[in-house]
Every structure is written in C-alpha cells, then in structure tokens.
Amino acid sequence: MSMLTNTLGRYFAGRFVVAALGVFASIFLLLVLVDYIEMVRKTSGLASASAMMVAETSLFRVPQLLEKLTPFCMLIGAMTCYLALSRRLELVVARAAGISAWQFISPALGSALLIGVIATVAYNPMSANLRELSKRMEAELFGSAPGGGIQDASGFWLNQVTNDGQVIINAARSEQQGVRLTGLTLFRFDTEQHFKERVEAREATLESGHWLFKGVRRFSLDSPPVDQASLEIPTTLTEAQVRNSFSTPETVSFWQLPSYIRSSESSGFATAGYRLQYHKLLAQPFLLAAMVMLAASVSLRFFRMGGVQKMVLSGVGAGFLLYVLSKVTEDLSKAELMHPIAAAWLPVVVGGLTGFLALLYQEDG
C-alpha cells in the first residue's frame, strides 16, 4: 500500500505540475501577443524599430506582469487537474482504494510549495532583470521621442538644489532604478530663483558628484537654441538615494530587497513598500499552496453528479475575493495603516483556512 501511495503521489503531482505549467504558458503567450500588438502600434511610426527588437522588448516585459498572476495560474491549474481526474474516474478509483482526499491533494500542495520557492528565489530576480533590459530596449527604440515608451503620464521628476541654484529634472523613462534616465527636460534656476534656461537631453547618467547629460539642446530667453554633445550638472545625490527615489518595490529582486530596506531606513525614506514586497515574496509558496486548497475544495466532487460550472465559478470567485483582500491589505500597508507582515500573510491565512475548512466539511463533516 505504501508503494501504491508513493506511485499515486508522483502521478498526481505530475498531473498537477503539467496542468499548472500549461496554464502558465497559455497566459504567458496571450500576454506576449497582446503586449506585442500594443508595442507594434506604438512603434509603427519609427523607422529604426525592427520587428525582432519589438518582439524582444515585449518578451522581456511580460515575465514581471505574469508574476502577479502566478497564484491564479496555480488556482486554475489545480482546478483543471482535479476536474480532469474526476472526469476520468481516477479520483473515484483512488477513493475506492482507501486513499482520502487529504492524501491525494498533498502531492499538489508539496509541488505548489516547491514552485513557490522557485518563483521567489529564481523567477523573481530573473523577471526584475528582464524588466530592466526591456526598459533599456524601450529607450533605444523610442530615443528622445516625446511620449514614447511605456511610462507614467508625468514621467519621473527630480528636484535638486546646489550652490549654482535649483534644477528640476523630468525624465520620460528610468533605467537601473534611476541611475540612467532618458527623454529628459531640465528647468534651471539661479540662486535667486530666477528662470535661467530649459535643457532637453537624450539621456543622463548619474556619476560621482554630477549628472552627465548627452545629446543636449539648451534654450534660453535671450539667445537661440544651442546644441551640445554633453553637459555636466553637479549634484549631491548618491546612487543609493536615487535608487530609493526611482525604484518601485516590484522592480527590485528578492535578493536585493534586504539591502534596499536597510538603505531606505538609513536615508530616511519610507520602507513600507519594500517590506511588504519582501514578505509577499516570502509568503508566496504558502499562498500558492492556499490556492491549491481552494481549488481542491471546489473540484473534488464526482464529475457525473453535475454542477461543474457552479464549482468552477465558485473557485474563480474565491480566488477573486482573495485577490481583492490582498489589494486592500497592500494599500493599507503602503499607507502605513497596517503592518507589512500582517498585510502579506493575511491573504495566505484566509485562503488556506477557507480551503482547509471547506475540505474538512466535505470530507470529514
């Protein structure tokens, strides 16, 4: 019986992993296609944009988008797996052999935990690095074209005051967490807050003690525009300060988050977002296991008894409610109204307990 259980365990685990990876790959291809079409639309007027480069940019952007959908991939994959097993009467045979529901969902739980660990320690750093590559490729595609690329409506703003006066910097795109900026507009003021000049630049890089701007055009009130190859503007900002200002928690890899948290604390920046992201990544394996519990609670009914559509809708609804709960706790944590640990782990506890109690009622109630 022990050998039969081990064999069935590997079989159920394999079926679950194949179903989950199938859902993951399907959503990945769909996102790549949609993003590629959008990028083609944006680059249709650029002669330098090749189809291969546009496709690579879209391909590198999608992994970070897909990372947010990983729990739903686990939920849909588990539901697909158990409904398929029920349709083929394999679950009925397993129950007839004396194997409880807790025994044949445990391989999926173990697989979900393993997938969650891999997603945290390997997939997350990879997606963050690919996102940085996509930003660099976007800068090469759009150059200094106004409104080009994927960005916020107002871009990125930076204000600095030096002995020479005040400089307000607006960048369309940010790379390397703000160390390299592209599509820039600068407004320079003298020490008495009088407007001095407006400067447009193709790109800028933060170096030791100064910003180095390239592809510069300077506009002043009493002279025609002047083109320059480069321009240096002194700054007291350090790379750590700029990274903390420009980077978002989602663009920082799991292994870099502890150093970002320490750096933000020492610089006086808010750390709630970084702490929340760190604990969300720590909780990710258990969140995926909770999704398996939810899927099992609505998918283990005998297929021929009917009500499959209702079960699927209830599972999707439970996953959606869990997503809403996670967004609410995330917003509360970023507003410093809720501790990051509680915000990250509350959806895991609620989802896991809901699935556990539902299974307990169905199987042992």
Side-chain angles (χ1 to χ4, degrees), residues 42 45-46 48 132 135-252 260 262-274 334-336:
K42 286 182 173 290
L46 302 177
S48 60
E132 286 297 328
K135 288 183 178 181
R136 191 175 307 168
M137 297 179 73
E138 285 177 30
E140 294 176 3
L141 280 172
F142 296 100
S144 58
I150 311 299
Q151 61 193 55
D152 296 334
S154 59
F156 302 90
W157 291 89
L158 186 65
N159 181 28
Q160 66 173 38
V161 179
T162 62
N163 295 331
D164 298 330
Q166 183 182 13
V167 180
I168 300 175
I169 302 174
N170 174 242
R173 291 166 294 275
S174 168
E175 301 175 31
Q176 302 173 23
Q177 284 86 38
V179 176
R180 184 174 183 270
L181 307 174
T182 57
L184 295 119
T185 301
L186 288 75
F187 302 94
R188 303 186 69 182
F189 300 85
D190 58 21
T191 54
E192 298 180 354
Q193 299 299 312
H194 296 148
F195 178 75
K196 186 177 179 180
E197 64 177 347
R198 179 170 66 90
V199 180
E200 293 183 356
R202 184 182 68 254
E203 63 181 74
T205 305
L206 179 63
E207 299 185 356
S208 178
H210 66 273
W211 286 98
L212 178 61
F213 296 87
K214 297 181 180 179
V216 177
R217 171 168 287 188
R218 306 174 69 172
F219 301 86
S220 59
L221 297 176
D222 53 359
S223 61
V226 178
D227 292 333
Q228 294 181 209
S230 62
L231 173 67
E232 291 186 5
I233 295 182
T235 183
T236 57
L237 296 173
T238 63
E239 286 192 7
Q241 291 173 326
V242 171
R243 289 181 189 273
N244 290 331
S245 299
F246 279 85
S247 63
T248 58
E250 292 77 13
T251 60
V252 182
Y260 268 73
R262 291 192 297 268
S263 176
S264 297
E265 286 179 340
S266 61
S267 302
F269 291 98
T271 62
Y274 295 108
K334 289 182 178 179
E336 298 186 354

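If you're wondering where the values come from, they're calculated on a predicted model, not measured in any experiment. Values below: all heavy atoms of this structure, side chains included; hydrogens, waters and symmetry mates excluded.
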TODO: Kindly compute the distance separating CG (Leu231) from CG (Leu184), expressed to the nearest 0.5 Å.
DONE: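 Separation between the atoms: 11.0 Å.
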
Where [X] and [Y] come nearest, the two heavy atoms and their spacing:
{"X": "Lys196", "Y": "Asp190", "value": "CB-N, 4.3 Å"}
{"X": "Arg188", "Y": "Val199", "value": "CD-CG2, 4.2 Å"}
{"X": "Glu207", "Y": "Leu212", "value": "OE2-CD2, 3.3 Å"}
{"X": "Ala171", "Y": "Leu181", "value": "CB-CB, 3.8 Å"}

Open item on the list: The test is side chain to side chain contact (heavy atoms under 4.5 Å, CB included); show your working for Leu186 and Ile233 and say whether it passes.
Closed with: CA-CA 11 Å; Leu186 288 75; Ile233 295 182; 3.3 Å; yes

Task: For Gln193, side-chain contact (heavy atoms from CB on, under 4.5 Å) partners two or more places apart - done: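 Only Gln166 meet the side-chain contact (heavy atoms from CB on, under 4.5 Å) criterion with Gln193.
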
Task: Residues in side-chain contact (heavy atoms from CB on, under 4.5 Å) contact with Thr185, at least two apart in sequence or another chain - done: Phe187, Arg198, Glu200

- [ ] With sequence neighbours left out, write down each residue that passes ring-ring contact (aromatic ring centres under 6.0 Å, His included) with Phe189, or none if nothing qualifies.
- [x] Phe195

TODO: For Phe219, check ring-ring contact (aromatic ring centres under 6.0 Å, His included) against everything at least two apart and list the hits.
DONE: none

Open item on the list: Applying side chain to side chain donor-acceptor pair (under 3.5 Å) as the test, list every pair that has at least one member in residues 213-229; sequence neighbours left out.
Closed with: Glu197-Arg218, Arg217-Asp227, Arg218-Gln228, Ser220-Ser223

Open item on the list: Apply side chain to side chain contact (heavy atoms under 4.5 Å, CB included) to residues Trp211 and Ile169 and explain how you reach the verdict.
Closed with: CA-CA 11 Å; Trp211 286 98; Ile169 302 174; 4.3 Å; yes

